[in-house]
Peer 1: 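Please find one structure pasted underneath; my questions will follow.
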There are 2 protein chains.
Amino acid sequence: MRRNTWQRDAVKAALEAQDAFVSAQQLHAVLRDEGTGVGLATVYRALADLAAGGGADSLQSAEGEALYRACTPGQHHHHLICRNCGVTVEIEADPVEQWAKAVAAANGFTRPEHVVDVFGLCPACSAAVS
Amino acid sequence: MRRNTWQRDAVKAALEAQDAFVSAQQLHAVLRDEGTGVGLATVYRALADLAAGGGADSLQSAEGEALYRACTPGQHHHHLICRNCGVTVEIEADPVEQWAKAVAAANGFTRPEHVVDVFGLCPACSAAVS
DNA sequence: CTTCTTATTGATAATGATTGTCAACATCAC
DNA sequence: GTGATGTTGACAATCATTATCAATAAGAAG
């Protein structure tokens, strides 16, 4: 039986308040600063549950850290991520879906899945660098 | 000044002998089994050098481990990876390159890069599962 | 070939994210 | 309200990766 706890809600709310990918550690720090004494282990568990349930997307940063972001559930999509500030935009990638399937089939691979993420500099960060 | 050592060559050779993505730990075990007493730290350093020099590709496994594979240098390409046995095929992805650029530009993002990997079951593993 | 400089090695300690443990606690069906 | 049990959280444990640093060996110079 799954129980609803204020800790899980707090993690979910904190995640949805972010518009960028954040690590479990960062989210834990945010919750600590807000005064909500949610344990680190609980943050990890809540994020894992969210990701498993489709309420969040996860990816590995270049440093090997696991990052999470709230996402629109039930819909397959990918991300356009600013490598400077982390701002993230959900994007559709129908052409890529087709291409991935075709390439997998052409090589005899079955049950294809794919990891597709685009990194760049968002408009604000582009301006800041130039 | 960069010096050539037999340890670096051993790591490079061991990596090229693999046709799948392997972790630094696995490669270290292989070298140990071969009788070559190459240190773990050296394996990590050699792999980092290879990746930086374009002689190897790296990606993060779902468990957060860093995996490496020898690759054809100087050419941009992606991978089709068996999620069961790890066998890897290099693939071209011109349509995706164009798509990534277009999507980034449409959202005002500059200097786009992308992570594109396709996972599936290779012919052998597909047969084994069914 | 010998010597000298210094990049490299490797055993080990340190780091840091993530997961396991388990007693105390809180949720929800009844 | 009450009890069975899912959940929490402080802390220990794990595991990949990185830093440390004395000992070694590659390569330049003579």
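Lettering follows sequence order; numbering is per chain, from 1. Values in this document were obtained by computation on a predicted structure and should not be read as measured data.
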Peer 1: Could you tell me if His114(A) and Asp117(B) have a donor-acceptor pair between their side chains, going purely by distance under 3.5 Å?
Peer 2: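 Their side chains do not contain a donor-acceptor pair, so the 3.5 Å distance test is not met.
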Peer 1: Would you please confirm or rule out a distance under 4.0 Å between OP1 or OP2 of dT27(C) and any side-chain N or O of Asn4(A)?
Peer 2: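 For dT27(C), neither OP1 nor OP2 has a side-chain N or O of Asn4(A) closer than 4.0 Å.
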Peer 1: Rounded to whole Å, please give me the gap between CG in Asp9(A) and P in dT8(D).
Peer 2: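 Nearest whole value for this atom pair: 10 Å.
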Peer 1: Would you say a side-chain N or O of Gln7(A) is under 4.0 Å from OP1 or OP2 of dG9(D)?
Peer 2: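 The answer is yes; a side-chain N or O of Gln7(A) sits under 4.0 Å from OP1 or OP2.
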Peer 1: Taking 4.0 Å as the cut-off, does a side-chain nitrogen or oxygen of Thr5(A) come that near to OP1 or OP2 on dT8(D)?
Peer 2: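 Yes.
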Peer 1: On DNA chain D, nearest-nucleotide positions of Trp6(B) versus Gln60(B): which is more 5'?
Peer 2: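 Counting from the 5' end, the first nearest nucleotide belongs to Gln60(B).
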Peer 1: Measure CG/Leu31(B) against P/dG10(C) and give the value in whole Å, please.
Peer 2: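 Taking atom P of dG10(C) as the reference, CG of Leu31(B) is at 10 Å.
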Peer 1: How close or far is atom P of dT18(C) from atom CG of Leu47(A), stated in whole angstroms?
Peer 2: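 In whole Å, dT18(C) P lies 10 Å from Leu47(A) CG.
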Peer 1: From the set dC28(C), dA16(D), dT9(C), return the single nucleotide nearest to any side-chain atom of Glu65(B).
Peer 2: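 Shortest atom-to-atom distance from the side chain points to dA16(D).
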Peer 1: Would you mind reading off the distance between Arg2(A) atom CZ and dT7(D) atom P, rounded to a whole angstrom?
Peer 2: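 The distance from CZ of Arg2(A) to P of dT7(D) comes to 7 Å, rounded to the nearest Å.
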Peer 1: Nearest to the side chain of Arg8(B) - dA17(C), dT8(C), dT17(D)?
Peer 2: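 The answer is dT8(C), which lies nearest to the side chain.
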Peer 1: Regarding Ser23(A) and Gln25(A), do their side chains bring together a donor and an acceptor under 3.5 Å, going by distance alone?
Peer 2: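 The criterion, which ignores hydrogens and geometry beyond distance, is not satisfied for Gln25(A) and Ser23(A).
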Peer 1: Which heavy atom in Asn107(A) sits nearest to a heavy atom in Pro123(B), and how many Å separate them?
Peer 2: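 Nearest heavy atoms, Asn107(A) then Pro123(B): O-CG, 3.7 Å.
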Peer 1: Answer with yes or no whether the side chains of Glu97(B) and His76(B) bring together a donor and an acceptor at under 3.5 Å.
Peer 2: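 His76(B) vs Glu97(B): donor-acceptor pair found between side chains.
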Peer 1: In Å and rounded to the nearest 0.5 Å, what is the CG to CD distance from Leu121(B) to Glu113(A)?
Peer 2: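 Those atoms lie 9.0 Å apart.
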Peer 1: For the atom pair CG (Leu59(B)) and CZ (Phe119(B)), what is the distance rounded to the nearest 0.5 Å?
Peer 2: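 Between atom CG of Leu59(B) and atom CZ of Phe119(B) there are 5.5 Å.
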Peer 1: Mind calculating the distance between CD (Glu63(B)) and C1' (dT19(C)) to the nearest angstrom?
Peer 2: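 Answer to the nearest Å: 13 Å.
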Peer 1: Measure NE2/His28(B) against P/dT12(C) and give the value in whole Å, please.
Peer 2: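 After rounding, the gap between these two atoms is 12 Å.
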Peer 1: We want to know whether Tyr68(B) and Gln26(B) form a side-chain donor-acceptor pair, criterion being a heavy-atom distance below 3.5 angstrom.
Peer 2: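 Not at all, the side chains of Tyr68(B) and Gln26(B) share no donor-acceptor pair under 3.5 Å.
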Peer 1: To check you understand the geometry: which heavy-atom pair defines the closest contact between His78(B) and Ala93(B), and what is its length?
Peer 2: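 Minimum heavy-atom contact is CD2-CB, 3.5 Å.
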Peer 1: Write down the distance between CG (Leu40(B)) and P (dT8(C)), rounded to a whole number of angstrom.
Peer 2: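 It is 18 Å, rounded to the nearest whole Å.
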Peer 1: From Phe21(B) CZ over to Gln60(B) CD, what is the distance, rounded to the nearest 0.5 angstrom?
Peer 2: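 It is 11.0 Å, given to the nearest 0.5 Å.
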Peer 1: Quickly work out the Asp49(B) CG to dT9(C) C1' distance and round it to whole Å.
Peer 2: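 After rounding, the gap between these two atoms is 13 Å.
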Peer 1: Between the two ends of the helix from dC1(C)-dG30(D) to dC30(C)-dG1(D), what is the bend in degrees, rounded to 10 degrees, where each end axis spans five pairs?
Peer 2: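 The end-segment axes of the helix from dC1(C)-dG30(D) to dC30(C)-dG1(D) are tilted 40° relative to each other.
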Peer 1: Looking at the side chain of Tyr44(B), which of dT7(D), dT9(C), dA16(D) is the nearest nucleotide?
Peer 2: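 Nearest to the side chain of Tyr44(B) among the choices is dA16(D).
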Peer 1: Could I get a table of every N or O pair under 3.5 Å where one atom is in the protein and the other is in nucleotides 19-25 of chain D?
Peer 2:
none

Peer 1: For Pro112(A) and Lys101(A), work out which heavy atoms get closest and say how close.
Peer 2: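 Of all heavy-atom pairs spanning Pro112(A) and Lys101(A), the closest is CG-CG, 4.3 Å.
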